[in-house]
Amino acid sequence: MTILTMIAKMSEGLGRTCAIFFLTLLFSLPLGMVVALLRMSKNRVVSAITKAYISVLRGTPLMLQLLAVTYGPFYLFGMGVAREKLVPVIIAFALNYAAYFAEIYRGGIESISRGQDEAAEVLGYSRFQCFMRIILPQVVKRILPSVTNEVVTLVKDTSMAFTVAYQEMFTIGKQIANSQTSFMPFVIAGVFYFLFNAAVAFVMGRFEKRLSYYR
Amino acid sequence: MSKLLEINHCRKHFGTTSVLEDLSLSVEEGQVLSIIGPSGSGKSTLLRCATLLETMDGGDLIYLGNYAARDEGGRSVYAPPAELQRIRGMFGLVFQNFNLFPHYSVLKNVMEAPMLVQKREKSEVRAEAMALLEQMGLADKADAYPYQLSGGQQQRVSIARALAMNPKILFFDEPTSALDPELTGEILRVIRKLAEKKMTMVIVTHEMMFARDVSDWVVFMNDGVIVEQGDPREVIDHPTQERTIQFLRRLQEK
Ligand SMILES: Nc1ncnc2c1ncn2[C@@H]1O[C@H](COP(=O)(O)OP(=O)(O)OP(=O)(O)O)[C@@H](O)[C@H]1O
Ligand SMILES: [Mg+2]
């Protein structure tokens, strides 16, 4: 098999790789905020449950979580395993990344000085207005570098989907590597991830620049 | 003269420590009242109760006859949220460390609350905000961001922000304590000008000379109670209570 054929075959999985990447961000970025707010809830039960959720998802491998979400329903309830694995893959990725984003958000929210909420409260801002206008914009700026780190990790983590044989780029590459006893597919995958992350760094750098008008 | 603010039998504790004990205070329209006292005596807690940042355990809190909290059988019962929100429009608070919104320009810091909370016309708010900044000597800083300003300038912006809501009474919690000594003068001058315009103010301060010159009434607090109060010249130059004498002497030694 020529290198070009390998690239062509692996490219068929690119759509799925991108689907994991974008759909995970689409769901986990907002979900992470919900988790962060629950984690900071004054209700002790709510915050304890959320804390446990975060520590389990961050404390166990993403690979296990992928297996659990994809095959768990079969072992637990005897339900069939879906042929199209996009749904369980996205569920596992979104739940996992939401846990990481939640901790980043929480750190960001807690780093905004308490005094600003109080100033807003005395001025008559509702709690929602204060969060949306005063707290959130500053949190976004502060956490951008940490979020960039997670996004870069996500690009590489999309390859984890091979554990459930989801036909994304890396999974296909691995199959070719086995059948052709060639190392080339891994080199191609490496170049691909590197280029993808260069694009991520460029886009995130743009965001950071746009928010650099204040300190 | 009518009573703008009335606090009756206010009690407040944190955990097992009682911070305010049966404290009563009233402020008349146009009056400037200074609160002095040692660290930990409850001055900030009193302002925070008056500005609804803390809830009182017991006692009344009344603005112009409107009850924010009413004592019922020794417990403060607060008015419904809508009423509290209406009452919030009557006062402003200036913090020790300014608490400006760092992601907003100076002008937006001053303009947002009147537009968002009071739903006032943008052009009208802008004109008023510019006039306030002018008054504070900051007209040329309207487009600057807080980090580009000195502490004294930031504090003047925060005073403009509070005034933009047209409060009936303005509270200050040690407005100059976070500033370098050479910058305190500019803030004290601004407050003095407001006093000349008959703005009603309650000022927690450690600046005795200022308190004596600018205020109509001085309250000396210690351990959550008012030990002595009266005409500033009387209280500061001729204190009668042992605790007040000690406090003022120690301040002078510094
Ligand atoms: N949120 C809180 N939780 C527990 N204790 C508190 C809290 N806020 C204040 N206190 C305590 O209440 C007492 C009064 O504090 P407060 O800040 O009102 O004093 P202060 O007169 O303003 O002092 P300073 O001159 O240092 O500002 C102190 O003993 C303080 O430790
Ligand atoms: Mg204080």
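Protein chains get the first letters and strands the later ones, always in sequence-line order, with residue 1 at the start of each. Please read these numbers as outputs of a predicted model, since none were measured by experiment.
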Donor-acceptor pairs under 3.5 Å, chain A versus chain B:
| unit_1 | atom_1 | unit_2 | atom_2 | d |
| --- | --- | --- | --- | --- |
| Gly115(A) | O | Asn99(B) | ND2 | 3.3 |
| Glu118(A) | OE1 | Arg48(B) | NH1 | 2.9 |
| Glu118(A) | OE2 | Arg48(B) | NH1 | 3.2 |
| Glu118(A) | OE2 | Arg48(B) | NH2 | 2.9 |
| Gly124(A) | O | Gln85(B) | NE2 | 2.7 |
| Tyr125(A) | OH | Glu112(B) | OE1 | 2.7 |
| Arg133(A) | O | His103(B) | NE2 | 2.7 |
| Arg133(A) | O | Tyr104(B) | OH | 3.3 |
| Arg133(A) | NH1 | Glu112(B) | OE2 | 3.1 |
| Gln138(A) | NE2 | His103(B) | ND1 | 3.4 |
| Tyr213(A) | OH | His103(B) | O | 3.4 |

Sequence neighbours excluded, the answer for ring-ring contact (aromatic ring centres under 6.0 Å, His included) partners of Tyr193(A) is none
Hits for side-chain hydrogen bond (donor to acceptor under 3.5 Å, both in side chains) against Asp157(A), two or more places apart or cross-chain, chain-then-number order -> Tyr97(A)
Residue set satisfying side-chain hydrogen bond (donor to acceptor under 3.5 Å, both in side chains) with Ser47(A), at least two apart, ordered chain then number -> none
Turns out that what part of Leu84(B) lies under 4.5 Å from chain A's heavy atoms comes down to neither
Chain B shares the most heavy-atom pairs under 4.5 Å, among Leu211(A), Ile134(A), Val122(A), with Ile134(A)
- Message: Any non-hydrogen side-chain atom of Leu123(A) less than 4.5 Å from a side-chain atom of Val117(B)?
- Response: no
OH/Tyr71(A): more than 12 non-hydrogen atoms of other groups inside 6.0 Å: yes
Within a radius of less than 6.0 Å around CZ of Phe128(A), do more than 12 heavy atoms belonging to other residues, nucleotides or ligands occur? no
For atom CZ of Phe186(A), is the number of surrounding heavy atoms from other residues, nucleotides or ligands below 6.0 Å larger than 12? yes
Cut-off 4.5 Å, heavy atoms of chain A, and the answer for Leu93(B) is both
